[in-house]
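Here is the structure we will look at, set down as C-alpha cells.
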Amino acid sequence: MKFSRTTLILLLLALGLGTFVYFYEIRGGTQREEVKEKQQQIFSFTADDVQSLTVTTQKLSLSLERNPQGNQPKWLLKSPVSEPANDAIVSYLMDLLVKGKSDRILSIPPSQKAEFGLDQPQATINIKLKNQQNQQLLLGKLNPNGSSLYVQANPTVKPDGNIDVLLVSKDFENAVNRELSEWQQPKNNSDKPTPTPTGK
C-alpha cells in the first residue's frame, strides 16, 4: 500500500501532535498536579526531622523534646513538668504538622490580622528541627462557617507588604487545646491497685 507524500506528512504531523498531547497533557498534567499538591502542604519537613516542640495556648505553655535514648516514649515533656509525654497525643499533632494541607491561601494586609484572630493567636507552635532550623505556626480563629481554621505559617511580610493566611483543618485546634494531664504519659494499668474480689 503506497502513501502519497501529502498523506505521509499528515501522518507524521498527527503522530507528532499525539506525542505532544501525551507529554504535555497527560504526563505534564501529573507533574503539574504534584506541584499543586506541594503548594498546599503547610510545611515540608518530616516527623523524623523534628527535635523539639513548644506549644503555647491561652491557658498552658509546654515544651516537648524527642527522647535522646530513641526508645519509648518517643517524646519527653520538659516543662512545665519533666516526665514522659503521651506519644499518641504528640503523634496526632505531629501528623497534622507534617501532613497538614491548606485548602486556600489568603493574601491580606497585616492591619487585618485581628479579623482572622492572628493578632492574638489562640495558640503558637514553635518547631525546632534537627538541622537547627525553626518553624512556627500561629493558630487564629475558625472561619465564619466553622469548617476551617485561619493560620499563619512562618509569619513573614511579603514584598508586596501583605501576609499569607492559610485555611487548614480545625483539627489543629483540637490537637493543642488540651489539659496538661492529656500531654502526660498515661499511667499503666499495672500501677493501679488490684481490686479485691467481692464476696458472693
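The structure presented is a predicted model; accordingly, all values stated were derived computationally and were not measured.
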Quiz item: Would you find more than 12 non-hydrogen atoms of other residues, nucleotides or ligands less than 6.0 Å from Gln112 atom CD?
Solution: yes

Quiz prompt | Exam field: side chain Lys141 to backbone Leu118, donor-acceptor pair closer than 3.5 Å | solution = no

Quiz item: Shortest non-hydrogen contact from Ala85 to Val90?
Solution: CB-CG2, 4.2 Å

Quiz prompt | Within 6.0 angstrom of Lys99 NZ, more than 12 heavy atoms from elsewhere | solution = no

Practice problem: Verify the distance criterion only: is there a donor paired with an acceptor across the side chains of Gln135 and Asn154 at less than 3.5 Å? | Solution: yes

Quiz item: Any idea which heavy atoms bring Ala153 and Ile42 closest together, and the distance?
Solution: CB-CG2, 4.0 Å

Quiz item: Does one side chain, of Thr124 or Thr56, offer a donor that lies under 3.5 Å from an acceptor on the other?
Solution: no

Quiz item: Can you find a side-chain donor-acceptor pair between Asp164 and Asn162 that sits under 3.5 Å?
Solution: no

Exercise. Work out which heavy atom in Ser148 is nearest to a heavy atom in Leu167; give both atom names and the distance.
Key: CB-CD2, 3.5 Å

Quiz item: Using a distance-only test with no angle check, is there a side-chain donor-acceptor pair under 3.5 angstrom linking Gln122 and Gln58?
Solution: no

Quiz prompt | Under 3.5 Å side-chain donor-acceptor pair for Ser147 and Asn145 | solution = yes

Exercise. Mind running side chain to side chain donor-acceptor pair (under 3.5 Å) on Gln185 and Glu83 for me, showing each step along the way?
Key: CA-CA 8 Å; Gln185 187 183 54; Glu83 61 180 89; over 6 Å; no

Quiz item: Quick one: do Lys128 and Glu65 make a salt bridge, cutoff under 4.0 Å?
Solution: no

Exercise. Heavy atoms only: give me the nearest Arg178-Tyr92 pair and the separation to one decimal.
Key: NH2-CD2, 3.6 Å

Quiz item: Less than 4.5 Å apart, any side-chain heavy atom of Tyr150 and any of Val165?
Solution: yes

Quiz prompt | Donor on one side chain, acceptor on other, Ser107 and Lys158, under 3.5 Å | solution = yes

